[in-house]
2 protein chains.
Amino acid sequence: MSRADTARRSSRPGRAGIRDVAAAAGVSITTVSDALNGKGRLPDATRRHVREVADRLGYRPSAAARTLRTGKSGLIGLTVTTYGDEPFTFTEFAYFAEMARAATSAALARGYALVILPATSRHDVWSNVALDGTVVIDPSDQDPVVSELVRQGLPVVSDGRPAGPLPVTAWVDNDHEEAVLGILDHLADAGARRIGLLTGTSTDTYTHLSTTAYLRWCERVGQDPVYEAYPAHDPCAGAVAADRLLARPDRPDAVYGLFDPNGTDLLAAARRYGLRVPDDLLLVCCSESTVYANTEPPVTTLSLKPRRIGTAVVQLLIDAIEGVESDQPVEQVIPTELIVRTSSERRPPRTTVSAPRSPEAG
Amino acid sequence: MSRADTARRSSRPGRAGIRDVAAAAGVSITTVSDALNGKGRLPDATRRHVREVADRLGYRPSAAARTLRTGKSGLIGLTVTTYGDEPFTFTEFAYFAEMARAATSAALARGYALVILPATSRHDVWSNVALDGTVVIDPSDQDPVVSELVRQGLPVVSDGRPAGPLPVTAWVDNDHEEAVLGILDHLADAGARRIGLLTGTSTDTYTHLSTTAYLRWCERVGQDPVYEAYPAHDPCAGAVAADRLLARPDRPDAVYGLFDPNGTDLLAAARRYGLRVPDDLLLVCCSESTVYANTEPPVTTLSLKPRRIGTAVVQLLIDAIEGVESDQPVEQVIPTELIVRTSSERRPPRTTVSAPRSPEAG
DNA sequence: CTCGTCGGCAGGTACGTTTCTGCATGGTCG
DNA sequence: CGACCATGCAGAAACGTACCTGCCGACGAG
């Protein structure tokens, strides 16, 4: 005998619940759940029957109820740094897009979906979504969001090694020092006498480590550092900084730019000053963009391999969520790749070695 | 007197629940709920007291339970088209990034978060997340995902007008015909005699409408259409198609490229054939990338205003979710913007007008 | 003095699952 | 032939919240 509320529920024109399936299939709720989830001890006939009835009714289990019951939502947070109201950073644009793409792909392959969340602690949004874990991009030290997440016992994996004593579950990063040193050596090999740096004013680890490596290299080879720093999130400031760098009295004859748009900015600035690339100015910048393959001239770029990073970050996070004892270390260093193009290519040896360029002569 | 299960629950080392707050504050669960949600009839003293206790215990309401109870999750799906395993499209890269950025921002401002989901119907993922609604980018006609969502009664807003009789709640799009006609007129004004098109082989609305508009324009002005189509998701195929277009016996003296990378590809191809831009070849492409401001020469681009589209799509969707009777139409057309740069600029008038270029002579 | 009303709160139910426990039934084995 | 076990399934207790309903006291009006 059906009770009143059962009857009322069946008459709901909305979506079919597990109860409706059970009633239609003439079995209990338990049997339906077991049949659909492949659990319990059921003969194949019952399983098939239940599945068929569920299909016929268009039954979709309620994600909210499942999450409430199991404690797992299948959702992974992806924090995006914000400047003002705008999410994402301008400077890491191609990087972020590629990284997010790989992360999305890796997450989906393991049955998880990514939720885009602001790095700023907007409580109302963060607490409104049930997360199984979070991917954090370039966390600042003492990041309040990360602390809160860790306090809740959620696994947190960061892209970029944590700055301070941030207790993340795992992290993935490049070896930025090695990368910068490699580029500087590469430029020196190509004939650079004075290498400049286009860097940022922000305090994130990437900027900091790269700049420090540059300064150390300068000290080692006995070159005066010559660099310009600008707020990397401002797309216009990059062009201005590139111009400033080439306008200096101690103008460098090679430049490494830490951020994606620096290549085109430096090319434009070089044109303004009548400098030929690579003859008068060697150029390398850190970018994931393919446009540098077709610029005039093509620009040598350093790739941080965001695809591999995005994949690794998600794998580590899901491993932690599911309690898989990964034999991978919880700190993964992804190698970078220097894509050498014309802008930094060693000039063909001439009959006479050209005299060291005087910056004032440029 | 505390019952056994209450005691057991209180001993849970995990997160504090609403019960714990109620017990600690010496009030009932109802009072806690009302106090925190600003409902019910409570004196301010009680409200403050409850809030303070909740803060002290670090109470965070369970998103899953709230969702289950209220039926609202605060989550919006964002479908990304996939080619093979990879989410996002290559061709719409900057467009998608900008659009997603604006959408994320708009959603967060209204207390919603975006969930990235694949356009392919991966049932296991889709049904594992409780969505309040979905943003669909460029749905194909009879899109199974959209149909399923609509069947569930969820609002769906699409970026790009739906191709077939797809029953979306609302859509936002540009007027692609008008945009293409405007560009062709612009090129003709700049002196183009034979305008070529670089288009795609896929069947999405954008490609279709743009190509059709081109063909109609050709018919109107009596020009033989000259175009190359390539699979837009393949980044290499674009360079090849650009090359083919300029290698044709009936080589165009102006080209419009429908996709983002076409500008650099066409510039590179023009260099290979010794064509000067804009003197021998006028160039426009549809792109959101800022690199075209600094190429040699700078390239005229058509912007589809993805920021405005992303914002509009999300506003419409949330309005539908919350049942707001928007006075905006459910079909919004966002104007495009032609950013004119050197690559399509009318050559300065010479003493004698140059003779109409014979394509074979190029 | 009584009755209605309103403020201030507590009890309890429902949201839709998963899963623990337990009850039959039928077969096997000592 | 009885004990036992595996099989096939049902009942019911959670998960944590929101909100409907209702109780109690106080106060003003009649």
Side-chain angles (χ1 to χ4, degrees), chain A residues 1 3-10 12 14-23 25-50 54 57-74 127-130 152, chain B residues 1-10 12 14-23 25-50 54 57 59-74 127-130 152:
Chain A
M1 172 177 297
R3 301 226 313 270
D5 52 1
T6 300
R8 171 158 43 87
R9 209 129 36 218
S10 306
R12 279 278 288 165
R15 320 226 298 269
I18 197 173
R19 258 185 306 264
D20 305 309
V21 178
V27 296
S28 77
I29 292 179
T30 306
T31 303
V32 174
S33 178
D34 284 349
L36 296 181
N37 294 339
K39 305 195 173 177
R41 308 167 300 195
L42 297 180
D44 279 354
T46 307
R47 237 175 256 280
R48 273 199 307 272
H49 177 226
V50 169
L57 295 186
Y59 168 67
R60 298 273 172 271
S62 150
R66 178 186 304 228
T67 300
L68 177 59
R69 182 62 233 250
T70 62
K72 297 292 167 206
S73 65
S127 62
N128 253 336
V129 38
Q152 288 182 23
Chain B
M1 174 174 295
S2 61
R3 302 227 312 272
D5 51 2
T6 301
R8 171 157 43 86
R9 210 130 35 219
S10 306
R12 278 280 288 166
R15 319 223 300 267
I18 198 174
R19 259 184 304 263
D20 305 309
V21 178
V27 296
S28 78
I29 292 179
T30 305
T31 303
V32 175
S33 179
D34 283 348
L36 296 181
N37 295 339
K39 306 197 171 176
R41 309 168 297 196
L42 298 178
D44 279 354
T46 308
R47 237 175 256 279
R48 272 198 309 270
H49 177 225
V50 169
L57 295 186
Y59 167 69
R60 297 273 172 274
S62 151
R66 186 195 300 260
T67 300
L68 178 59
R69 182 62 234 249
T70 63
K72 297 294 167 206
S73 65
S127 62
N128 253 338
V129 37
Q152 288 182 24

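The figures that follow rest on heavy atoms only: side chains count, while hydrogens, waters and symmetry mates do not. To find a chain, count down the sequence lines: A is the first, B the second, and so on, and within it residues start at 1.
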side-chain contact (heavy atoms from CB on, under 4.5 Å) with Ala63(A): which residues, sequence neighbours excluded?
Ala130(B)
Report the distance from atom CZ of Arg47(A) to atom P of dC9(D), rounded to the nearest whole Å.
10 Å
Which pairs, protein N/O on one side and nucleotides 4-8 of chain C N/O on the other, fall under 3.5 Å?
| from | atom 1 | to | atom 2 | distance (Å) |
| --- | --- | --- | --- | --- |
| dG8(C) | N7 | Arg41(B) | NH2 | 2.9 |
| dG8(C) | O6 | Arg41(B) | NH2 | 2.8 |

Nearest whole Å is fine: how far is dA18(D) C1' from Arg69(B) CZ?
4 Å
Ignoring backbone atoms, test whether Arg19(B) places a side-chain nitrogen or oxygen under 4.0 Å from the OP1 or OP2 oxygen of dG16(D).
yes
Expressed as a whole number of angstroms, how long is the span from Lys72(B):NZ to dG16(C):P?
13 Å
Without decimals, in angstroms, what is the distance between Arg66(B) CZ and dG16(C) C1'?
18 Å
Which atom pair, heavy atoms only, marks the closest approach of Asp20(B) to Leu57(B)?
O-CD1, 3.9 Å
Checking Ser73(A) now: which residues fulfil side chain to side chain donor-acceptor pair (under 3.5 Å) with it, not counting sequence neighbours?
Asp132(A)
Sequence-distant partners of Asn128(A), side-chain contact (heavy atoms from CB on, under 4.5 Å), two or more places apart
Arg66(B)
Is the shortest side-chain N/O distance from Lys39(B) to OP1 or OP2 of dC19(D) below 4.0 Å?
yes
Tell me, which of residues 25-37 of chain B have any heavy atom that sits under 4.0 Å from an atom in DNA chain C?
Gly26(B), Val27(B), Ser28(B), Thr30(B), Thr31(B)
What's the NE2-P distance between His49(A) and dC9(D), to the nearest Å?
11 Å
Ile18(B): partners by side-chain contact (heavy atoms from CB on, under 4.5 Å), with sequence neighbours left out
Ile29(B), Val32(B), Ser33(B), Tyr59(B)
I need the CG-P distance between Asn128(B) and dG16(C), as an integer number of Å.
17 Å
Identify, with sequence neighbours excluded, every residue that meets salt bridge (charged side-chain N to carboxylate O under 4.0 Å, His left out) alongside Arg60(B).
Glu148(A)
Check side-chain contact (heavy atoms from CB on, under 4.5 Å) between Leu42(B) and all other residues, then give those that pass, not counting sequence neighbours.
Thr31(B), Asp34(B), Ala35(B), Arg47(B)
